[in-house]
Amino acid sequence: MLDLETFRHSTSHIMADAVKQLFPASKLAIGPAIEDGFYYDFDTEKPFFQDDLIKIEQKMAEIIKENLPFERTEYSHQKAEDVMKDEPYKIELIRELPDDKVTFYKHGDFIDMCRGPHIERTGLVKHYKLLSATGAYWRGSEKNKMLQRIYGTAFFTKEELDAFLAHREEVKKRDHRILGEDLDLFSIHQEEAGPGLIYWHPKGATIRQLIEDFWKSEHRKSGYQFIYSPHIAKINLWKTSGHWDFYKEYMFSPMDIEGQNYILKPMNCPGHILVYKTRVRSYRDLPLRWAELGTVYRYERSGVIQGLLRVRGFTQDDAHIFCRIDQLHKEIMDVIKLAIHIFRSFGFSDFKIRLSTRPAHYVGTIERWDMATDALRQAVESLNIPYETAQGEAVFYGPKADIDIRDCLGRAWQCFTVQVDFNLPERFDLYYSAKDGTRHRPIMLHRALMGSLERFFAILIEHYAGAFPSWLAPTQAIILPVTPEQIEYAKKTYSELLSKGIRAEIDSRDERLSERIKDASLSKCPYILVVGEKEEKEQTIALRQRAKKDITTISLDDFIKLIKQENNPKD
RNA sequence: GCUAGCCUAGCUCAAUGGCAGAGCAUCCCGUUCGUAACGGGAAGGUUAUGGGUUCGACUCCCAUGGCUAGCUCCA
């Protein structure tokens, strides 16, 4: 049985063959299979254009039609370099191979150094498509030359390829940047105000408030307290925390205020630590769980900014937990439980945890690292969520666990993180008084559940395709009087809904009913309430639910009951 | 930041060196309407910004800003 990776890898060879035939001066770099298909990097005189991709696809069709066999051969280093003498990138790779034997695969006149395996014949490839051409650095380093990369994909069946392309279309349709504008949720004013800075419109702000309210109430239930900290602080604070040394490239330049340098905060932790230090903490005070919807500013290079997903100013749903070692396990467990609960409430149910362990360079003792890592591992295991361990992937100050959530299109997003920190308590000389009066270092946990509100909002918009569940919808019900005769009745209905805490609107514009239904539907409002002569007489409403064709006539009280039922996040 | 492509009305897009245009949205008028696009009219532009080439530039060239897709990075 063929595996898809082999199949796609072979397709990338066919593509490289086509490129070599059409553009003989191109030099080959690498061409692996990737999650959604494959790519191949070339060093070419000119970048590839859209038209070139079509030509390359046609040439590939010819190679496939010839049904050439893939043949494997092994050469010594010497011979390999000889065979690849016109391919400088291949030579570089060959020289790094430890074995003397180098394997090659050949079909027709095209030969490529490659570990393999490959499919038997080019004719097996039938359903493929070239997707895009972009620049990519040789070996991923911007110090190296930029090569030209062509992405493509291949599938066993036409149905799978069509489904993949349809999925790409769906992703495009759900793009939060488009929906954000269509639904009047937010805007970005790159020219006037700067890229990566978000303006939340009333509808977007309503959703944000709903998210924040829910977040706060769940935190209160979980024993958190809230604090607020300023957006700027003197540079010394960032020198003490160490950010000025290891995080400088993401920090905005200092601003001079009365001869002192101040920095826009890229993180909330130093502020929380200052609060901790305002008095001597007892072992009985711990754990302290302090949360803040803290807005931070980070310099991101212009090329990486994207919609709400990657910005220069954003609000973290941050919290810091100061605790004793013996409390660590429970605190970690509770944080992960809270995160899962919140994600479920927003309609996510598929999670994957990644545990990152001690890297080569670290602060703190091995014993503490092992203990903290075990605490993380035990918490994850007892919650029965699949996890993987990323050996040596943690940051220098402590082990961490991250959670990827999967949206309804199967895309994974990293939002949640919980990080143990042995470093900052040390740098700021944090302590608490133990039972016997001696001083001890508390352990500090950093954690964010949604990560950034901006980014999480983007994920929600795309997850729901802008059709937010009733509890999050900026407008839950739009009331449409059939004629001006019913405006009074519509207003009465409106006041009644408002008084019950339902987010309602009236559209009594001088437009045909069908026009106003169209607009209400496009706004993705969950409920449309039509009131005409008949409804007024019977004191009812004609209810049209989002994504449903049928219309039901019910009393306003029944509608209120219905919407109240939906007014809470699902868990 | 780098590579490539792109930037025309609020939005989506025409105009290939010779008079800047359409649809949607907006505003006005008409229509008073029973479940997804009513009719008519008006207004809307220093063609991203700055320079250059040319008798003449939305169009060609240069710089700057920004966007898009990647690379790298990441909440």
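A, B, ... follow the sequence lines: proteins, then strands. Residue 1 opens every chain. Owing to the predicted nature of the structure, the values given are computational and were not obtained by experimental measurement.
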> Are A/Arg544 and B/A36 close enough that a side-chain N or O sits under 4.0 Å from OP1 or OP2?
Replying inline: yes
> On a whole-Å scale, what distance lies between the P atoms belonging to B/C7 and B/A48?
Replying inline: 8 Å
> When you measure from the side chain of A/Pro484, which nucleotide among B/G1, B/G34, B/U32 comes out closest?
Replying inline: B/U32
> Contact class for A/Ala133 vs. all strands (heavy atom < 4.0 Å): base, sugar-phosphate, or nothing?
Replying inline: nothing
>> Strictly by Watson-Crick or wobble contacts shorter than 3.5 Å, is anything paired with B/G5, and which nucleotide is it?
In response: B/C67
>> Out of the candidates A/Lys27, A/Gln148, A/Arg149, only one should pair with A/Asp41 under the side-chain hydrogen bond (donor to acceptor under 3.5 Å, both in side chains) rule; please name it.
In response: A/Arg149
> In terms of side-chain heavy atoms of A/Gln414, which of B/A75, B/G1, B/G5 is nearest?
Replying inline: B/A75
> Across all strands shown, which nucleotide pairs with B/A75 by Watson-Crick or G-U wobble geometry, both distances under 3.5 Å?
Replying inline: none
> From B/A37, B/U26, B/G1, pick the nucleotide closest to the side chain of A/Tyr137?
Replying inline: B/G1
>> Heavy atoms only, 4.0 Å cut-off, all strands: where does A/Val296 land among base, sugar-phosphate and nothing?
In response: nothing
>> Using whole Å, what does the distance between atom P of nucleotide B/C67 and atom CD1 of A/Ile178 come to?
In response: 14 Å
> Quick one: A/Arg301 CZ to B/C71 P, roughly how many Å, whole number?
Replying inline: 13 Å
>> Can you tell me the base-pairing partner of B/U12? Count Watson-Crick or G-U wobble geometry only, both distances below 3.5 Å, and say none if there is no partner.
In response: B/A22
> Under 4.0 Å between a Lys/Arg side-chain N and an Asp/Glu carboxylate O for A/Asp213 and A/Lys216?
Replying inline: no
> Can we say A/Glu92 and A/Arg139 salt-bridge, meaning some charged N sits less than 4.0 Å from an Asp/Glu carboxylate O?
Replying inline: yes
> What distance, rounded to whole Å, do you find between the two C1' atoms, one in B/G44 and one in B/A25?
Replying inline: 11 Å
>> Using a heavy-atom cut-off of 4.0 Å across all strands, would you classify A/Gln190 as base, sugar-phosphate, or nothing?
In response: sugar-phosphate
> Side chain of A/Arg177: nearest nucleotide among B/U3, B/U35, B/U68?
Replying inline: B/U68
>> Suppose you measure atom C1' in B/G21 against the same atom in B/A43; what distance do you get, rounded to whole Å?
In response: 16 Å
>> Taking B/U59 as the reference, what is the distance to B/G17 when you measure between their C1' atoms (whole Å, please)?
In response: 7 Å
>> Quick check: any donor-acceptor pair below 3.5 Å linking the side-chain of A/Glu192 to the base of B/A48?
In response: no
>> Using whole Å, what does the distance between atom C1' of nucleotide B/U68 and atom CD1 of A/Ile305 come to?
In response: 14 Å
> Which nucleotide, B/C74, B/A37, B/C71, lies nearest any side-chain atom of A/Leu522?
Replying inline: B/A37
> Given B/C67, B/C33, B/A75, which nucleotide is nearest the side-chain atoms of A/Leu513?
Replying inline: B/C33
>> Given B/C73, B/A69, B/A36, identify the nucleotide with an atom nearest to the side chain of A/Tyr250.
In response: B/C73
> Under the 3.5 Å rule, do the base of B/G66 and the side chain of A/Glu191 count as making a donor-acceptor pair?
Replying inline: no
>> Please compare A/Ile188 and A/Met450 by the position of their nearest nucleotide in RNA chain B and report the one closer to 5'.
In response: A/Ile188
>> Suppose we define a pair by two distances each less than 3.5 Å, Watson-Crick or G-U wobble; what does B/G39 pair with here?
In response: B/C29
>> Closer than 4.0 angstrom, basic N to acidic O: yes or no for A/Glu454 and A/Arg208?
In response: yes
> What interatomic distance, in whole Å, is found between C1' of B/C38 and the corresponding atom of B/U32?
Replying inline: 12 Å
> What does A/Glu535 touch in the nucleic acid at a heavy-atom separation under 4.0 angstrom: a base, only the sugar-phosphate, or nothing?
Replying inline: base
> Checking all strands, does A/Ser521 fall into the base, sugar-phosphate, or nothing category for heavy-atom contacts under 4.0 angstrom?
Replying inline: base
> Using atom C1' of each nucleotide, how far apart are B/C13 and B/U49 to the nearest Å?
Replying inline: 23 Å
>> Without decimals, in angstroms, what is the distance between A/Ile403 CD1 and B/A75 C1'?
In response: 15 Å
> Does B/C60 pair with anything, Watson-Crick or G-U wobble, both distances under 3.5 Å, and if so, with which nucleotide?
Replying inline: B/G52
> If you measure only the distance, is there a donor-acceptor pair under 3.5 Å linking the side chains of A/Gln419 and A/His446?
Replying inline: no
> Under 4.0 angstrom, heavy atoms only, what part of the nucleic acid is A/Gly140 near: base, sugar-phosphate, or nothing?
Replying inline: sugar-phosphate
>> Looking at A/Glu142 and A/Arg301, is any side-chain nitrogen of the basic one under 4.0 Å from a carboxylate oxygen of the acidic one?
In response: yes
> For the pair made of CZ in A/Phe48 and C1' in B/G5, what is the distance, rounded to whole Å?
Replying inline: 15 Å
> So which nucleotide from B/A36, B/A69, B/G34 ends up closest to the side chain of A/Val482?
Replying inline: B/G34
> Rounded to whole angstroms, how far apart are OH on A/Tyr489 and C1' on B/G34?
Replying inline: 15 Å
> When you look at A/Phe351 and A/Phe416, which way does the side chain to side chain contact (heavy atoms under 4.5 Å, CB included) test go after all the steps?
Replying inline: CA-CA 10 Å; A/Phe351 312 110; A/Phe416 171 85; over 6 Å; no
> How would you label the contact of A/Gly135 with the nucleic acid (heavy atoms, under 4.0 Å): base, sugar-phosphate, or nothing?
Replying inline: base
> Salt bridge between A/Arg509 and A/Asp507, side-chain N to carboxylate O under 4.0 Å?
Replying inline: yes
> Contact class for A/Glu181 (heavy atom, under 4.0 Å): base, sugar-phosphate, or nothing?
Replying inline: sugar-phosphate
> Across the strands shown, which category fits A/Gln148 at heavy-atom distances under 4.0 angstrom: base, sugar-phosphate, nothing?
Replying inline: sugar-phosphate
> The side chain of A/Lys518 lies closest to which of these nucleotides: B/G70, B/A36, B/G1?
Replying inline: B/A36
> Hey, are A/Arg289 and A/Ser222 close enough side-chain-wise for a donor-acceptor pair under 3.5 Å?
Replying inline: no
> At what distance, to the nearest 0.5 angstrom, does CZ of A/Arg298 lie from CZ of A/Arg312?
Replying inline: 14.0 Å
>> Go nucleotide by nucleotide along RNA chain B from the 5' end; which of A/Gly307 and A/Arg516 gets its closest nucleotide reached first?
In response: A/Arg516
>> Using whole Å, what does the distance between atom P of nucleotide B/C29 and atom CD of A/Glu511 come to?
In response: 13 Å
> So what does A/Arg149 touch, heavy atoms closer than 4.0 Å: a base, only the sugar-phosphate, or nothing?
Replying inline: sugar-phosphate
>> What's the closest nucleotide to the side chain of A/Pro47 if the choices are B/A4, B/U35, B/C71?
In response: B/A4
>> Counting only Watson-Crick pairs (N1-N3 plus N6-O4 or O6-N4) and G-U wobbles (N1-O2, O6-N3), all under 3.5 Å, who is the partner of B/G44?
In response: none
> Using atom P of each nucleotide, how far apart are B/A42 and B/A36 to the nearest Å?
Replying inline: 32 Å
> Looking only at atom C1', what distance separates B/U46 and B/C33, rounded to whole Å?
Replying inline: 45 Å
>> Can you measure A/Asp507 atom CG to B/U32 atom P for me and round it to whole angstrom units?
In response: 19 Å
> Which nucleotide, in any strand shown, forms a Watson-Crick or G-U wobble pair with B/G34, with both distances under 3.5 Å?
Replying inline: none
